[in-house]
Amino acid sequence: MKRHLRTLIGLIIAIALIGLILSQTDGIQLASAIRSSNPLWLLLALVIFCSGLAGRAARWSSMLRTSSPAATPRACLQPFLSSLALNNLLPFRAGDLARSFAFNKELGTGPGQVLASLFVERLLDLASLLLFLGLGLWVFGIETLPAFGKLGAGSAVLLALVIFILLAFPRWLQLFINACLRLIHKLAPHSGNHLADEVAGAISLLANLGGRRILPLIAMSLIVWSLEGLTFWCVAQSVPGLINSAGAWFALPLATLATLIPSTPGYVGTFDYFAVLAMTLTHNAPVPAAAFAFIAHLLIWLPPTLVGGLWLLVSRRKA
């Protein structure tokens, strides 16, 4: 029941936000702006975006290979893309569940290790995006968003740095996981015993990633999100009528962080509305800002969905 309610709420939010975008733009002008986009800039954006996806798969591989040598970048690419495809098409983060449980044999991992790696991956992404958000608020001098402005910029950067520091000292994560395991063991002893080995693998991975070992992962995270920011900038260059294409660098963190709001699979509405908001706050007109948002969303949604989905279907049939 709760899952159905969450899906319904997400659908309502998506419809409302898309409706709000369309109510503030002229449909004919919006369609014309989309059709007039420069295909060469979009091709360059696609190449850069694909490079970023490969970098994110390599980052995940570097986490898993601390305890599972079989998890090479090539081996991790298919599970990574397939999980993106499932997340883009199905509700309840189905892709994350598949990545945690469906590919352990191929990667030589256990579910606990993969779950721990996903947790670290999410924290690295969150910290990187908060850093970009803080820098964007400061560079563009944006003070009209609630709880943002100069203080918001400093807070976002500070929170990003705190997350990076906590990842370098993962003992607090180990204490939290152990406390959860003890609680599960009290409530359900059989399940607690079953989870003990997986939790041990997760704690081992976290310990291996701590200290100086986290620095390359932080560097990789900043690089892959910079590539995505460059992807957004190339899309902005392709759209006629955008006065300030640099606003795409602010759209990256704002629109991506907005996907935390409940919505449909593929983040319809939430991504688009906040991408438009970022572009209009950086002095772009609503129509080209909306064209940018829809094109950018399609570009980052379609390639991993097609490639990852087809790759998953082919690999499952062979299995």
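Positions are given from 1 along the sequence. Note that the structure is predicted; figures quoted are calculated from it, not measured.
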Can you check whether Trp249 reaches Val139 side chain to side chain, under 4.5 Å on heavy atoms? no
Consider ring-ring contact (aromatic ring centres under 6.0 Å, His included). Of Phe292, Tyr267, Phe271, Tyr273, which one does His297 pass it with? Phe271
Main chain of Val114, side chain of Ser117: is a donor-acceptor contact present, judged purely on distance under 3.5 Å? yes
Are a donor atom and an acceptor atom from the side chains of Ser221 and Arg59 found within less than 3.5 Å of each other? yes
What distance do Leu43 atom CG and Ile48 atom CD1 have between them, rounded to the nearest 0.5 Å? 10.0 Å
Would Leu8 end up clustered with Ile15 when hydrophobic side chains under 4.5 Å apart are linked, directly or stepwise? no
Side-chain donor/acceptor of Thr256 to backbone N/O of Pro253, under 3.5 Å: no
Test log, rule side chain to side chain contact (heavy atoms under 4.5 Å, CB included), inputs Val157 and Trp138: CA-CA 10 Å; Val157 172; Trp138 176 67; over 6 Å; no
Reference residue Pro288; test side-chain contact (heavy atoms from CB on, under 4.5 Å); the match among Thr280, Val276, Val239: Val239
So Leu42 and Cys234, do their side chains get closer than 4.5 Å, heavy atoms only? no
In Å, rounded to the nearest 0.5 Å, how long is the span from CG of Asn88 to CD1 of Ile300? 8.5 Å
Check for a donor-acceptor pair, side chain of Thr305 on one end and backbone N or O of Ala85 on the other, with a separation under 3.5 Å. no
Do Leu257 and Leu126 come close enough that some side-chain heavy atom pair is under 4.5 Å? yes
Could you walk me through whether Leu107 and Ser68 satisfy the side chain to side chain contact (heavy atoms under 4.5 Å, CB included) test, starting with their C-alpha distance in whole Å, then the side-chain angles of each, then the deciding distance to 0.1 Å, before giving a yes or no? CA-CA 7 Å; Leu107 299 177; Ser68 302; 6.0 Å; no
Looking only at heavy atoms, what is the nearest atom pair of Phe140 and Ala246, with distance? CZ-O, 3.4 Å
Minimum heavy-atom distance Asn38-Leu40, with the two atoms named: OD1-N, 2.9 Å
State whether a side-chain donor-acceptor pair under 3.5 Å links Gln78 with Ser82. yes
Aromatic ring proximity, centroids under 6.0 angstrom, Trp233 and Trp41: yes
Please walk me through it: do Met63 and Met220 pass side chain to side chain contact (heavy atoms under 4.5 Å, CB included)? CA-CA 11 Å; Met63 286 189 268; Met220 292 178 73; over 6 Å; no
Under 4.5 Å between side-chain heavy atoms, counting indirect links through other Ile/Leu/Val/Met/Phe/Trp/Tyr residues: same cluster for Phe80 and Leu90 or not? yes
Nearest-0.5 Å distance, CG of residue Leu53 to CG of residue Leu84: 6.5 Å
State, yes or no, whether a side-chain contact exists between Phe103 and Leu312 at a heavy-atom distance under 4.5 Å. yes
Trp225 ring centre to Arg56 NZ or CZ under 6.0 Å, with the angle to the axis within 45°? yes
Count I, L, V, M, F, W, Y as connected when their side-chain heavy atoms are under 4.5 Å apart, and connections chain through other members. Are Val47 and Val235 then in the same cluster? no
Nearest atoms (heavy-atom pairs only) where Ala293 meets Ala275: CB-CB, 3.7 Å
Is it the case that atom CD1 in Ile28 sees more than 12 heavy atoms from other parts of the structure closer than 6.0 Å? no
Within the side chain of Gln113, is there an N or O that forms a donor-acceptor pair under 3.5 Å with the backbone of Gly110? yes
Under 4.5 Å between side-chain heavy atoms, hopping through other hydrophobics if needed: is there a path connecting Leu11 to Trp301? no
Quick check: closest heavy atoms across Asn87 and Ala94, and the distance to 0.1 Å? OD1-N, 3.5 Å
In this structure, are over 12 heavy atoms from other groups packed under 6.0 Å from Arg122 atom CZ? yes
Would you indicate whether the side-chain heavy atoms of Leu217 and Ser62 approach each other to under 4.5 Å? yes
With distance as the sole test, does Asp272 use its side chain to make a donor-acceptor pair with the main-chain N or O of Val268 at under 3.5 Å? no
Counting distance only, does the side-chain N/O of Asn284 pair as donor-acceptor with the main-chain N or O of Ile243 below 3.5 Å? yes
So do Phe250 and Met279 actually touch side chain to side chain, heavy atoms under 4.5 Å? no
Side chain of Thr72, backbone of Ala75: donor and acceptor closer than 3.5 Å? yes
State, yes or no, whether a side-chain contact exists between Thr231 and Leu44 at a heavy-atom distance under 4.5 Å. no
Starting from the C-alpha separation in whole Å, work towards a yes-or-no answer on side-chain hydrogen bond (donor to acceptor under 3.5 Å, both in side chains) for Asn244 and Thr282. CA-CA 7 Å; Asn244 185 12; Thr282 51; 4.5 Å; no
Transitive ILVMFWY side-chain link Leu81 to Leu310, under 4.5 Å: no
All heavy atoms of Ala98 vs all of Leu86, minimum pair found to be CB-CD1, 3.6 Å
How many angstroms lie between atom CG of Leu64 and atom CG of Asn104, to the nearest 0.5 angstrom? 9.0 Å
Output yes when a side-chain donor or acceptor of Thr25 lies under 3.5 Å from a complementary backbone atom of Ile21, and no otherwise. yes
To the nearest 0.5 Å, how far apart are CG in Leu254 and CG in Leu137? 8.0 Å
Drop me the distance from Ile9's CD1 to Ser263's OG, to the nearest 0.5 angstrom. 12.0 Å
Provide the closest heavy-atom pair for Ser128 versus Leu222 in the form atom of the first, atom of the second, distance. OG-CD2, 3.9 Å
Does some side-chain heavy atom of Ser226 sit less than 4.5 Å from a side-chain heavy atom of Phe132? yes
When Leu124 is tested against each of Val224, Leu167, Leu129 for side-chain contact (heavy atoms from CB on, under 4.5 Å), which residue passes? Leu167
